[in-house]
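Here is the structure we will look at, set down as C-alpha cells.
All residue numbers refer to positions in the sequence shown, counting from 1. Keep in mind it's a predicted model, so treat the numbers as computed, not measured.
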Amino acid sequence: MTIRIATFNMENLFRRPTAFRLEKPADREQVLTDFAELVALLDKTVYMKADKEEMVRIITTYRADKIDDPEHPDPKGPPPITVNQSRPGKDTGLFDSTKPLRTFEDITATGRGSWTGWAELGQDDLDMTMVRNTGRVVSEVDADVLLTVEVEDRLALERFNTQVLQGALGRRPYPYNLLIDGNDPRGIDVGILSRHPITSVRTHVFDTRQDRPDERLFSRDCPEFEIQLDGSPLVVLGNHFKSKFRDDPELRLAQARRVAEIYRAALERTPHVVVAGDLNDDPNSAPAVELGETGLRDVMSHRAYRGLPGTHGKCSREDDKLDYILLPPSLWPEVQHVGLETRGIHADGIKSFDTVNSKLTEASDHAALYVDLDI
C-alpha cells in the first residue's frame with residue numbers, strides 16, 4: 001500500500017499568543033523576555049521591594065492587570081501578558097484587582113506561597129482567512145498521516161478537522177486525531193491527524209535533562225504515535241525542538257540524542273519508525289548530524305525530491321530548512337515521491353495561494369513537507 005506522511009508547523013489553528021503576531025521580531029522578543037522575567041519573579045519565595053517594583057513595571061506595561069470583559073473589550077486588543085488570580089482579594093491575591101496598580105505597595109503578596117495564580121501570554125483569535133488557508137495547505141497535501149506542530153490542544157485539532165476541513169472546505173475529515181499537552185505553556189503542542197487507526201501513544205513529557213535533572217528535556221514532547229496499517233504498525237516520533245529564541249544549542253543536541261534513543265527502542269517493535277517535525281536547526285547542525293548517525297535520512301535528500309532547499313520563510317537556502325521527515329534504512333528504498341507545499345507562505349519568491357496576500361493571511365511561515373511510501 002502507498003501511504004503519504006507529512007509534517008506541518010501550523011502556527012496554531014484558532015488562537016495564538018498575541019506576542020507571536022507582532023510584526024517586528026524585536027517587539028516579540030521584548031514581550032517574551034519580560035514575560036520570562038515576570039514568571040521568574042512570581043516564583044520567588046520572598047518578594048523584595050525591587051522585585052515588586054519590577055512586577056509593577058511589567059504588569060502595567062502589558063496591561064496584565066486588566067480583567068477580560070467580552071462585553072467591553074479593550075480597544076488596544078488583548079493584553080500580551082495576563083496575570084490570573086484564583087483568589088484576587090487583598091490578602092489572597094498578588095494584588096487587589098479592584099484597584100489601580102501603581103506602586104510596589106500595591107503588590108500585597110509577600111511571596112509565592114502567599115497567593116494562588118500564574119502569569120501567561122495573552123491569546124488572540126486568528127483571522128479566519130488565515131485559518132482557512134491553513135486548511136487549504138492540509139487539503140492540498142492530503143496526507144494519510146499528518147504530524148501537526150504548534151497546535152493549541154486536541155479539541156482545537158478536532159474543531160479544525162470538522163469545521164474547517166469538512167465544513168468550510170468540503171474536504172473529507174480525518175477519522176482519527178490525537179494530541180497530548182506538552183511542556184510549553186503557550187499552547188503550541190505536537191499532535192497528529194490520521195486516516196488509519198491510532199492504536200497507542202507514548203509520551204516523553206517527563207523526560208529530564210541529564211545535566212539538569214530538575215528540568216524537563218523536551219520543550220514540548222516527543223510523542224510516539226503508533227498507527228495501525230495492513231502489515232507492521234507505523235510509529236511516528238513527533239518533534240518540536242527548542243527554538244533559537246534565547247538560544248540553547250546544547251538543549252537541542254540533548255533532545256536529538258534522546259530522540260535517537262527513543263528511535264532505536266521503537267525499531268525493536270516495528271521496522272516502520274519515522275522521526276518527523278520541526279527540529280529548529282539546519283541539516284548541518286549538531287542535532288541533525290546526531291540523528292543522521294542512527295541511519296535516519298531526511299526525505300529532502302532523496303533523489304525523488306526536486307524542490308526548494310528550505311522549509312521556512314523564503315525556503316531558498318539550506319539554512320531555511322527546519323522541518324524534517326527522517327526515514328530508517330528499511331523505508332528509504334520505498335520512497336515514491338517527496339513534495340513541499342509552500343503556497344501557504346507569504347514571502348518573496350514564493351508563489352502563494354490567491355487567498356494568501358499578507359503575513360496576516362498566510363497559513364504559516366513553514367511549508368508542509370510530505371513523502372509517499374510504498375509500505
Side-chain angles (χ1 to χ4, degrees), residues 1-10 134 136-149 174 176-177 190-196 198 222-241 256 259-260 262-263 266-267 270-283 287-288 291-292 294-312 315 318 320-345 363-364 366-375:
M1 64 180 295
T2 299
I3 183 172
R4 175 168 291 184
I5 301 172
T7 181
F8 182 28
N9 185 325
M10 308 171 92
T134 302
R136 288 189 69 178
V137 172
V138 174
S139 297
E140 291 297 323
V141 172
D142 195 22
D144 298 292
V145 176
L146 172 63
L147 185 78
T148 61
V149 179
Y174 285 87
Y176 308 99
N177 68 77
V190 180
I192 198 163
L193 292 167
S194 178
R195 303 205 184 281
H196 299 273
I198 304 169
C222 175
E224 301 180 58
F225 297 108
E226 186 168 309
I227 298 167
Q228 179 182 320
L229 301 179
D230 291 342
S232 299
L234 169 70
V235 172
V236 178
L237 307 186
N239 287 277
H240 187 192
F241 283 4
V259 171
I262 297 169
Y263 161 72
L267 279 179
T270 175
H272 300 155
V273 182
V274 175
V275 176
D278 180 354
L279 303 188
N280 268 316
D281 229 329
D282 64 78
L291 290 170
T294 65
L296 286 164
R297 298 167 74 181
D298 179 64
V299 297
M300 286 175 66
S301 67
H302 197 280
R303 65 178 182 276
Y305 183 66
R306 297 287 187 272
L308 295 169
T311 65
H312 177 261
C315 303
E318 196 173 60
D320 296 331
K321 179 171 171 59
L322 303 178
D323 306 276
Y324 295 75
I325 299 177
L326 303 172
L327 301 180
S330 63
L331 289 180
W332 195 252
E334 310 307 326
V335 172
Q336 306 298 306
H337 176 67
V338 181
L340 189 70
E341 178 54 79
T342 61
R343 290 176 291 175
I345 298 174
S364 170
H366 289 254
L369 176 63
Y370 60 92
V371 59
D372 294 339
L373 297 171
D374 185 11
I375 298 181

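- Contact annotation: the side chain of Tyr324 never approaches that of Asn239 to less than 4.5 Å [non-hydrogen atoms, C-beta and beyond].
- Annotation for Leu322 and Thr311: closest pair N-OG1, 3.0 Å, computed over non-hydrogen atoms.
- Considering every non-hydrogen atom in both Ala368 and Val137, the closest pair reads CB-CG1, 3.8 Å.
- Between Asp372 and Arg4 there is a salt bridge, since at least one side-chain N of the basic residue sits less than 4.0 Å from a carboxylate O of the acidic one.
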Practice task
Go through Leu229 and Ile3 one step at a time and tell me if the side-chain contact (heavy atoms from CB on, under 4.5 Å) criterion holds.
Solution key: CA-CA 9 Å; Leu229 301 179; Ile3 183 172; 3.7 Å; yes
Problem - Verdict with supporting geometry, His272 and Glu334, side-chain contact (heavy atoms from CB on, under 4.5 Å) - result: CA-CA 11 Å; His272 300 155; Glu334 310 307 326; over 6 Å; no
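- The closest side-chain heavy-atom distance from His312 to Asp278 is not below 4.5 Å.
- Pro223 and Val190 get closest at one heavy-atom pair: CG-CG1, 4.1 Å.
- Residues Val335 and Tyr305 form no side-chain contact, since every pair of their non-hydrogen atoms from C-beta on lies 4.5 Å or further apart.
- Considering every non-hydrogen atom in both Gln228 and His196, the closest pair reads O-CB, 3.4 Å.
- Contact of the Pro287 side chain with the Asp281 side chain is registered, since non-hydrogen atoms from C-beta on lie closer than 4.5 Å.
- Interatomic distance, OH of Tyr263 versus CG of Leu296, reported as 4.0 Å (0.5 Å rounding).
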Exercise for the section: Apply the test side-chain contact (heavy atoms from CB on, under 4.5 Å) to residues Val259 and Phe241: give CA-CA distance (whole Å), side-chain angles for both, the deciding distance (0.1 Å), then the verdict. Expected result: CA-CA 10 Å; Val259 171; Phe241 283 4; 3.9 Å; yes
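- To the nearest 0.5 Å, atoms CG (Leu369) and CD (Glu341) are separated by 11.5 Å.
- Ala256 and Leu291 get closest at one heavy-atom pair: O-CD2, 3.5 Å.
- From Leu193, atom CG reaches atom CG of Asp144 across 12.0 Å, with rounding to the nearest 0.5 Å.
- The backbone N or O of Leu234 sits nowhere less than 3.5 Å from a side-chain atom of Thr270 that would complete a donor-acceptor pair.
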Practice task
Given side-chain contact (heavy atoms from CB on, under 4.5 Å), test Leu308 with Asp320 step by step and report yes or no.
Solution key: CA-CA 10 Å; Leu308 295 169; Asp320 296 331; over 6 Å; no
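- By the 6.0 Å and 45° rule, Arg195 does not stack over the aromatic ring of Tyr176.
- Between the NE2 atom in His302 and the CG atom in Leu327 there is a gap of 8.0 Å [rounded to 0.5 Å].
- Between Pro328 and Pro271, the closest side-chain pair of non-hydrogen atoms is not below 4.5 Å.
- Side chains of Val275 and Thr294 form no contact here, defined as non-hydrogen atoms less than 4.5 Å apart.
- Looking at heavy atoms from C-beta onward, His337 lies in side-chain contact with Tyr370 at the 4.5 angstrom threshold.
- Atom OG1 in Thr342 sits 11.5 Å away from atom CD in Glu140 (nearest 0.5 Å).
- Taking CG of Asp323 as the start and CG of Asp298 as the end, the distance is 9.5 Å to the nearest 0.5 Å.
- Closest approach of Cys222 to Leu237, counting heavy atoms only: SG-CB, 4.2 Å.
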